[in-house]
Novice: 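One structure, as structure tokens, below. Some questions next.
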Amino acid sequence: MSKKWVYLFEEGDASMKYVLGGKGANLAEMSKMGLPVPGGFTITTDACNEYNRLGGKLPEGLMDQVREAMTHVEKTMSRNFGAVVDPLLVSVRSGAAFSMPGMMDTILNLGLNRQTLLGLADATNNPRFAYDANRRFIMMFGDVVLDIPKSRFEKVLAQHKQRLGVKLDTQVGSAAMQEVCNDYLALVLKETGQGFPGDPWKQLEMAIEAVFKSWNNERAKIYRKREEIPDDLG
């Protein structure tokens, strides 16, 4: 039987911070208390350590368990991941047994692509909101997963604001925000030689790997050394 790498929020509790990280353990505890926590699941710290032990390879069975857990989340949220109509979007967040604020990486709005973007616009009746959510997702994914500095994306947005004669992001309208998204995608293609991944499941797998890798980024290692946090917790 495969090792359990994934816990639904309702399967854990506050005592499991070394397994689920502080954030995951507290979300589990709040779920047990009946607080309105959205559906979700936590990948264990052991999975992160196993990824590192395998030299940067996801543990066997992990993504199968992720898919199974996502099915449960879809039922809880009454939305489907990757669906064209009213799509389920997810955040991929880091967490450790001890708080390490800002040291590891997070990706929001994951699951957006050209099709789900239109579904989000229809569901919210707000195309501008959908394009702005997509802009933020491309930038975070580009920075965290694809190693494209966030400043490159910010420069593109600044150029559009200058062209439009506006100072605030909120002053960039729907059509212009769509152009920003297209330019972001063009930037990804230029920097990586590959198009932005459109398959939500591929996005999710790449994001999980990126968060695992962020355990050993330079700022996280320096922070752990300063705070005397062990390096082998995951």
Side-chain angles (χ1 to χ4, degrees), residues 5-12 17 20-31 35-45 47-48 51 58 62-63 65-83 86-96 99-113 115-117 119-121 123-124 126 129-146 148 150 153 169 181 184 188 196-215 217 220 234:
W5 301 117
V6 176
Y7 285 79
L8 298 171
F9 286 165
E10 51 266 42
E11 291 182 311
K17 73 174 187 175
L20 305 176
K23 191 178 298 174
N26 285 323
L27 283 165
E29 190 68 22
M30 289 189 288
S31 296
L35 294 173
V37 178
F41 55 89
T42 303
I43 297 172
T44 66
T45 54
C48 176
Y51 174 84
L58 292 177
L62 172 59
M63 288 309 297
Q65 293 184 30
V66 166
R67 284 180 178 269
E68 184 179 345
M70 187 69 83
T71 299
H72 179 85
V73 174
E74 288 174 329
K75 291 177 181 176
T76 301
M77 303 302 295
S78 300
R79 291 178 177 173
N80 290 323
F81 186 61
D86 198 15
L88 173 68
L89 305 179
V90 299
S91 60
V92 182
R93 297 180 178 273
S94 59
S99 178
M100 295 171 55
M103 295 301 107
M104 295 182 293
D105 291 319
T106 292
I107 301 170
L108 308 180
N109 304 332
L110 189 141
L112 282 171
N113 58 26
Q115 289 74 41
T116 59
L117 171 62
L120 180 62
T124 59
N126 190 340
F129 166 78
Y131 285 119
D132 190 42
N134 193 42
R135 173 187 73 82
R136 295 170 187 272
F137 168 53
I138 296 169
M139 180 171 66
M140 279 187 279
F141 193 94
D143 176 39
V144 173
V145 181
L146 305 176
I148 304 171
K150 192 179 292 185
F153 295 99
D169 294 359
C181 290
Y184 277 14
V188 169
F196 193 89
D199 179 2
W201 287 105
K202 183 62 176 176
Q203 294 173 2
L204 182 59
E205 184 174 337
M206 292 173 73
I208 290 168
E209 280 205 63
V211 173
F212 282 169
K213 288 176 184 175
S214 73
W215 173 254
N217 68 35

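As the structure is a prediction and not an experimental result, all values here were calculated from the model.
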Novice: Where do L110 and F137 come nearest, in terms of heavy atoms and distance?
Specialist: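 Smallest heavy-atom distance, with atoms named: CA-CE1, 3.6 Å.
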Novice: Taking all atoms of both residues into account, what is the closest heavy-atom pair of C48 and G234, and its distance?
Specialist: SG-CA, 4.1 Å
Novice: Can you tell if the side chain of F153 reaches within under 4.5 Å of the side chain of V188, non-hydrogen atoms only?
Specialist: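 F153 reaches V188 side chain to side chain.
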Novice: Closer than 3.5 angstrom, by distance alone: can the side chain of Q203 be matched with the main-chain N or O of L112 as a donor-acceptor pair?
Specialist: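 Yes.
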Novice: When rounded to the nearest 0.5 angstrom, what is the spacing between CH2 in W5 and CD1 in I208?
Specialist: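 Those atoms lie 13.0 Å apart.
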Novice: When rounded to the nearest 0.5 angstrom, what distance separates CG in L20 from OG1 in T45?
Specialist: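 Between L20 CG and T45 OG1, I get 7.5 Å after rounding to 0.5 Å.
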Novice: What distance separates M63 CE from W201 CH2, expressed to the nearest 0.5 Å?
Specialist: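 Interatomic distance, M63 CE to W201 CH2, rounded to 0.5 Å: 6.5 Å.
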Novice: Do side-chain atoms of K150 reach the backbone of M139 as a donor and acceptor pair under 3.5 angstrom?
Specialist: no
Novice: Look up atom CG in N134 and atom CG in L89, then write down how far apart they are to the nearest 0.5 Å.
Specialist: 9.5 Å
Novice: Quick one: are V73 and F81 in side-chain contact, heavy atoms under 4.5 Å?
Specialist: no
Novice: F212 vs Y51 aromatic rings, parallel, tilted or perpendicular, using cut-offs 30° and 60°?
Specialist: tilted
Novice: Just wondering, do Q65 and F41 contact through their side chains at under 4.5 Å, heavy atoms?
Specialist: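 The answer is no; the side chains never approach within 4.5 Å.
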Novice: Quick one: does N80's side chain get under 4.5 Å of L88's, heavy atoms only?
Specialist: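 Contact flag for N80/L88 side chains = no.
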Novice: Is E11 close to H72 at the side-chain level, that is, under 4.5 Å between some pair of heavy atoms?
Specialist: no
Novice: Is the shortest heavy-atom distance from the side chain of L146 to the side chain of M206 under 4.5 Å?
Specialist: yes
Novice: To check you understand the geometry: which heavy-atom pair defines the closest contact between V211 and S94, and what is its length?
Specialist: CG1-CB, 3.6 Å
Novice: Find the distance between CE (M70) and CG (L204) and round it off to the nearest 0.5 Å.
Specialist: 5.0 Å
Novice: Give a yes or no on whether the ring-centroid distance for Y184 and F141 is below 6.0 angstrom.
Specialist: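 No, ring centres 6.0 Å or more apart.
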Novice: When rounded to the nearest 0.5 angstrom, what is the spacing between CE in M140 and OG1 in T106?
Specialist: 8.5 Å
Novice: Are side-chain heavy atoms of L108 and R136 found at a separation under 4.5 Å?
Specialist: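 The answer is no; the side chains never approach within 4.5 Å.
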Novice: Of the non-hydrogen atoms in W215 and A96, which two are nearest, and what is the gap between them?
Specialist: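 Nearest pair, atom of W215 first, then A96: CZ3-CB, 3.7 Å.
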Novice: So, do T42 and L27 sit near enough that their side-chain heavy atoms are less than 4.5 Å apart?
Specialist: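 No, too far: nothing below the 4.5 Å cut-off.
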Novice: Search all heavy atoms of A207 against all heavy atoms of V145 and return the closest pair with its distance.
Specialist: CA-CG2, 4.1 Å
Novice: With no hydrogens and no angle check, is any side-chain donor or acceptor of T44 less than 3.5 Å from a backbone partner on A47?
Specialist: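 Present.
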Novice: Taking all non-hydrogen atoms of both residues into account, name the closest pair between G198 and N113 and its distance.
Specialist: O-ND2, 2.8 Å
